[in-house]
Amino acid sequence: MQLWLIPLLPLAGFTINGLFGRRFSKGVVNAVAVGSVLLSFAWVLKTLIALGVLNTAYSEHYFTWIQSDAFSVGCDMSVDRLTAIMLLVVTGIGSLIHIYSIGYMAHEGGYYRFFAYMNLFMFFMLVLVLASNYLLLFVGWEGVGLCSYLLIGFYFDKKFATDAGNKAFIVNRIGDFGFSLAIFYMVRQFGTLDFGTVFSKAPAAPESALTIIGLLLLLGAAGKSAQIPLYVWLPDAMAGPTPVSALIHAATMVTAGVYMTARSFAIYTHAPMAMEAIAVIGIATAFFAATIGMAQNDIKKVFAYSTVSQLGYMFVGVGVGAFSAGIYHLMTHAFFKALLFLGSGSVIHALSGEQDMRQMGGMRGKIPWTCWTMFCASLAISGFPFTSGFLSKDAILLAANHHAPWMYWVGTITAGMTAFYVFRAFFMTFFGDYRGHEHHPHESPPVMLVPLVILAGLSLAGGYLFKVPEFLGTIFPTLEMPEDFGLMAIASGAGLLGILLAYVMYVARPGIPDAIASNLRGLYTLVYNKYFVDEIYDAAVVKPVVGGSRLLLWKGMDAGIIDGMVNGVGARAKSIGGALRMLQSGNARSYATWVAFGGVLVIVALGVAEGVTR
Amino acid sequence: MDVILFLVFAIIAVLAAINVVVQTHPIASAVSLIGVMGSLAVLYLLLGAEFIAAAQVIVYAGAVMVLFVFVIMLLNAGAEVRKGRSFMASLLGAPVLIALLALLAWFVERIYPESVGVHFGGFTGGGPEAIGRALFTTYLLPFEITSILVLIAILGAVVLARKEID
Amino acid sequence: MTQVPASWFLTLSAVLFVLGVAGFIFRRSVITMFMSIELMLNAVNLTFVTFSYELKQVDGHLFVFFVMVVAAAEAAVGLAIILTVYKSRATLNIDEVNSMKN
Amino acid sequence: MDSFIVISLIKTFVIFAVLMTTLAYLQWVERKVIAHIQVRPGPYRVGPHGLLQPLADVIKLITKEDLVPPYVNKPLYLFAPFFAITMALLSISVIPFGPTIEVAGYRTWMQLTDLNIGVLFILAVSSMGVYGIALAGWASNNKYALLGGLRSSAQMISYELPLSMAIASPLLISNTLSLRRLVGTQAGNLWHWNLFHGWQYVSFIIFLIAGFAETNRVPFDLPEAENELVAGFHTEYSSMKFASFFMAEYANMITVSCMATLLFLGGWVPPWPAEYGSSFVPVILFAGAGIIALMHGLNPARKRDRYTLPAFGVIFLIIAAVFLLPIVQSWLLPLFWFLAKTGAILFAFIWVRGTLPRFRYDQLMGFTWKFLFPTAVLNLLATALVVALVS
């Protein structure tokens, strides 16, 4: 069934564009890049149809990558229901975003380079998804980290872009550190990394080991999916072009963490403590990111924090045991979040680079298509009844309530806040009068609008088209939950309340936000500055590490000890030489004195030796 | 009797040696050195080394010292002028020498407390016949080498000391 | 007590040796230093003879004989050098003879 | 034990007295012989035929003012003559004059002492003699003296080498260093003497030439040559110190001639064994001398010879008579032969002084280093070869 063809097509696209892109015209580059992704999407559809119901995982083995007596790691791929969904999401949304970025990147520099990196990203993401052992997954994991770095730093001539790239890469590396420790521990514990054997041996392993593996995997996932401790890189990642943010920082890469935790459900189900940790981190991130999102003025920053918050929801889903709900929300989130980002991309495109919402407003008339497609996405994300977002979010909230009621209430408040800041952005951008100084904002070309429309359709009806919970029921342990309409009503109510509040504050009476901001000065500045988390990290971690390394390692160790020793030896030799030079005075009598002195020493030595031996 | 002989000539030797060191004029120290060699020759006789005693007088006192006296006379070397007495040398030298002496003495007394007594007839092996036999059998090689050495020394001395005929 | 312990001879030679060393170190005139060397050699000869007396072997005398020959050779060459030094630098003070340049 | 000391003291006294008188009268003999060579009478005023002349000289030298010039290096100036005379006299102590002698019940050798390294001892002493002259020359702080001292010591040193080589060859033959045993090996008749052993006369001649040079005698007495270096190394010396140098010179002469007799002429051994009448030779000689003296006494060339010559004749006859006494013969005859041979060589010294002209200094040095020393070495090698082949 040649599963390897799926990741190999984007790779071919990458190599062709990468090596000969400079000489191709834009059209050829488009054809190669988008073509390879569409082919890969078609191949995915073909394999899924061919595989049929997929009750059991279908896997193919290509070659043995590492072989050291008992421990061996093969390069083998497998497809089961979870992988199928991920493949569809990745290749589907990937191709839409590729089509969109043809228009968006039309008059940007380095055209072929952008598409080469995007294809490379697709290749690594597909390897990650298709991998059937942790090491191959880790290869994909690292690859996507690399591509995110490359794409964030796409405008490498701008300092903040390269800094953001570095930040993203380093923070991801911290997460990967935890992940690799987990892999080592698994090798020690289970002797292999293959999903099947690991999950079959997991129940027998001691709970403490599983907890440790779980927590380390969580650290990796937190790094990649931007959870509480390691989320700081995502907002800065907005420095990259908007399609990148859409593809990598909304739809696919950030979800890798959720996919990985979901994939290792066997470990987590036998490590309740780790599951609890996931849930707590998820809910905390959701609430925390939502509060920051409310005070942001940059349109992409708002959606970045909303991504962090929605990922928090997915982690809650996984944490409370509703794995299928988590993946369901992952899929729906991919649809509307990609749409939101692409929409904001076309808004920025229209305003030729303007990102600050305070410079926008009243765009309803000028770019109607973007406006209304974003309206659909906003409805979906805020959980407006009967949109796909509503379905997946409620599933999670119900599971959270079943697990721990307080989580449900925090989740509901966060849902309200989510609705508020999304519509705040919507109203600030499209309603009121135009505050910018761009004289004629123009609508985006159809090649950008078509994907928007498709995504709008998916975000509204996606939930119904693909019944994920039933589809994944066979793999994951299902939670039998009574259908409690009361809770659903409260959650959707919170969402509507958020929308109403946003409408009142930003359309009805525009003065209110400034009033609130002025009298809640302290809180507002705190939230606006993202709780100074970056500054804290900088002070707590970066400064000491950099300072420490400069002081201790560089000054102390390198210069002090190593150079010190080397130069020291040289200096000592010189000084001794200097002292001995005094001896060569040419004065025969001083020579004689020293000879006599030596003689005395020798005799003393002999005497002592003689005395000793006698 | 032997003790008296030893003491007399030992004291002569030591006094003469001190004179060698103390005298400012080289000729005086040369003569006192001859005195040392003479007294040593007698001590050799006491130790039964007749040939060596005679050789000492003939070779050492008779030839080498004459060379010294010659050089002193030729160079008309005056008394040593006392200048540039570096304090450091005596500071460092004197104790070292005293230490050396004390050490040697201690070493001798300690290592050879039970040394054999020396009297005149004690060892009669020192005669020319015994030395001749040993010299030309066991020590033939050194003998040949020293002969070459002396030849080289003569050549060296001649070359060094001759006036440049220019 | 008609027997003289050998250690007295050794002590005497030690004294002579040290005097030789003292002469070599403290005196300035080259010839006197040269003579102190001869004195040292004599002291050594005395030790040789004493030990050959003790061990009742004639080898000690041979060594003394060789020492004498070498000392003679050395004296010859040494004095020749002193002559040339005197000719070129008109001084017998060792302190002034302390550099290779003339 | 004490008899040894007493005997030694007596012997020392006897030998010292004999030696000192011989020294004095040797000078008389020398002046007489040289005078007669030069056809002049020589000293005859002081005592008969000048016999008291040495006594006069000694008195003169003793009473002369013993001045010590201020600019000399006083200690060495005084030390030099003393050293010269002691070294010269020292070697006489080893020379054997005759076989054993029986006096008042004590039998002893007619020799002060016998060292089994006698020859080496004499060599050592003669090599020390150099210092006397060298230091004298230097201490008197006078150019002539310095040059004289230098030259004479250089000469003595250079001639010491052929001298020791010449001595070494007879030693090879007689195979002993003790002088007494040396004479022993030459016992028997004339042909046993080392002189006629193989070609030992070559080493005898080398020995004599080197001996002449050692004692600064005529052909080689350049250092004291009046016309060039005033008086050589003893220019600044006066009276007794001057006398000591002279005595040293004569003592050295006696030592060399004694060595010559002992090494080559068989010491006190008569030329032919006693049974062939060698013991009568001295009687004949002295009797003949006495008769001649008496005859000359009858018609004297000078009027005071009328008394002296007959007196000498009578003395000689008495001596001839003494030689006939058997009890004395045992030690007197060997003594006579020894003294006769030594006297002959001494006469040769004096004779050579009277006849040969003086060597120039470079000829002198060239002669020894270029001719004498090589021949001495060759001679030694040849003798060694012969001895090795013979034994």
Side-chain angles (χ1 to χ4, degrees), chain B residues 1-3 6 10 13-14 17-18 20-21 26 29-30 33 36-37 40 43-44 47-49 52 55 59-60 63-64 67-68 71-72 75 77 80 84 89 93 97 100-101 104-105 108-109 112 115-119 122-123 125-126 130-131 134-135 139 142 146 149-150 153 156-157 160-161, chain C residues 1-12 14-23 25-29 31-32 34-36 38-39 42 45-46 49-50 52-54 56-59 61-62 64-66 68-77 79-84 86 92 95:
Chain B
M1 235 298 278
D2 304 350
V3 174
F6 170 77
V14 168
I18 293 170
V20 166
V21 176
S29 47
L33 189 56
V36 170
M37 292 184 183
L40 279 183
L43 289 178
Y44 289 157
L47 285 164
I52 291 298
V59 170
Y60 236 135
V64 172
L67 270 180
F68 273 94
V71 167
I72 294 167
L75 299 183
E80 215 178 272
L97 291 174
L100 187 66
L101 178 61
L104 288 176
V108 163
E109 289 311 320
Y112 291 102
S115 61
V116 73
V118 173
H119 57 276
F123 169 60
I131 289 206
L135 190 60
Y139 288 90
T146 40
L149 176 75
V150 170
L160 275 175
Chain C
M1 138 48 181
T2 59
Q3 300 222 328
V4 183
S7 55
W8 288 12
F9 282 94
L10 296 177
T11 322
L12 171 66
V15 168
L16 290 179
F17 185 79
V18 165
L19 282 170
V21 169
I25 287 178
F26 291 116
R27 293 310 301 272
R28 266 184 196 58
S29 141
I31 298 175
T32 316
F34 215 45
M35 276 189 237
S36 355
E38 298 300 330
L39 183 58
N42 277 330
N45 284 352
L46 179 61
V49 173
T50 321
S52 75
Y53 176 86
E54 255 193 60
K56 296 292 184 283
Q57 283 166 353
V58 81
D59 300 21
H61 299 189
L62 266 299
V64 171
F65 179 75
F66 288 130
M68 278 190 208
V69 168
V70 169
E74 176 223 342
V77 175
L79 292 173
I81 291 172
I82 290 174
L83 272 177
T84 39
Y86 188 80
L92 278 178
D95 291 348

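Please read all numbers here as calculations on a predicted model, not as lab measurements. Only this structure's heavy atoms are used, side chains among them; waters, hydrogens and symmetry mates stay out.
- The distance from the OG1 atom of Thr50(C) to the CG atom of Leu43(B) is 8.5 Å, given to the nearest 0.5 Å.
- Contacts with chain C were tallied for Val150(B), Ile131(B), Val59(B); Ile131(B) has the most, counting heavy-atom pairs under 4.5 Å.
- Between Pro26(B) and Met35(C), the closest heavy-atom pair is O-CE, 3.5 Å.
- The two residues Val64(B) and Ala72(C) make their nearest non-hydrogen contact at CG2-CA, 3.7 Å.
- Judged by distance alone, the side chains of Tyr139(B) and Asp59(C) do bring a donor and an acceptor atom under 3.5 Å apart.
- The choice from Val21(B), Val20(B), Leu47(B) that makes the most heavy-atom pairs within less than 4.5 Å of chain C is Leu47(B).
- Contact of the Glu38(C) side chain with the Tyr60(B) side chain is registered, since non-hydrogen atoms from C-beta on lie closer than 4.5 Å.
- Heavy-atom distances place both the backbone and the side chain of Leu19(C) under 4.5 Å from chain B.
- The OG atom of Ser29(C) lies 8.0 Å from the CD1 atom of Ile72(B); values are rounded to the nearest 0.5 Å.
- Taking every heavy atom of both residues into account, Leu12(C) and Val14(B) meet most closely at CD1-CG2, 3.5 Å.
- For chain B, the option among Leu83(C), Leu39(C), Ile82(C) with the highest count of heavy-atom pairs below 4.5 Å is Leu39(C).
- Closest of all the heavy-atom pairs between Ala134(B) and Leu62(C) is CB-CD2, 3.7 Å.
- Summarising the geometry of Ser29(B) relative to Thr32(C), their closest heavy-atom pair is OG-CG2, 4.3 Å, with the distance given to 0.1 Å.
- Residues Phe34(C) and Val71(B) form no side-chain contact, since every pair of their non-hydrogen atoms from C-beta on lies 4.5 Å or further apart.
- Looking at Phe65(C), the atoms closer than 4.5 Å to chain B (heavy atoms on both sides) sit in the backbone and in the side chain alike.
- With a threshold of 4.5 angstrom between heavy atoms, Val36(B) approaches chain C through side-chain atoms but not through N, CA, C or O.
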Quiz prompt | Intermediate values then yes/no, side chain to side chain contact (heavy atoms under 4.5 Å, CB included), Asn45(C) and Tyr44(B) | solution = CA-CA 9 Å; Asn45(C) 284 352; Tyr44(B) 289 157; 3.0 Å; yes

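- Both the backbone and the side chain of Leu46(C) come within contact range of chain B, each with at least one heavy atom under 4.5 Å from a heavy atom of that chain.
- Of the listed residues (Thr11(C), Val64(C), Leu79(C)), the one with the most heavy-atom contacts under 4.5 Å to chain B is Leu79(C).
- Neither the backbone nor the side chain of Ala63(B) has a heavy atom closer than 4.5 Å to any heavy atom of chain C.
- Residue Leu33(B) touches chain C through its side chain alone, counting heavy-atom pairs closer than 4.5 Å.
- The part of Leu40(B) that comes within reach of chain C is its side chain, from C-beta onward, which places non-hydrogen atoms under 4.5 angstrom from that chain.
- In this structure, Leu75(B) and Ile31(C) have side chains that are in contact, with non-hydrogen atoms separated by less than 4.5 Å.
- Residue contact with chain B, scored on non-hydrogen atoms closer than 4.5 Å, is absent for Glu74(C).
- Smallest separation of non-hydrogen atoms from Ala73(C) and Ala153(B): CB-CB, 3.5 Å.
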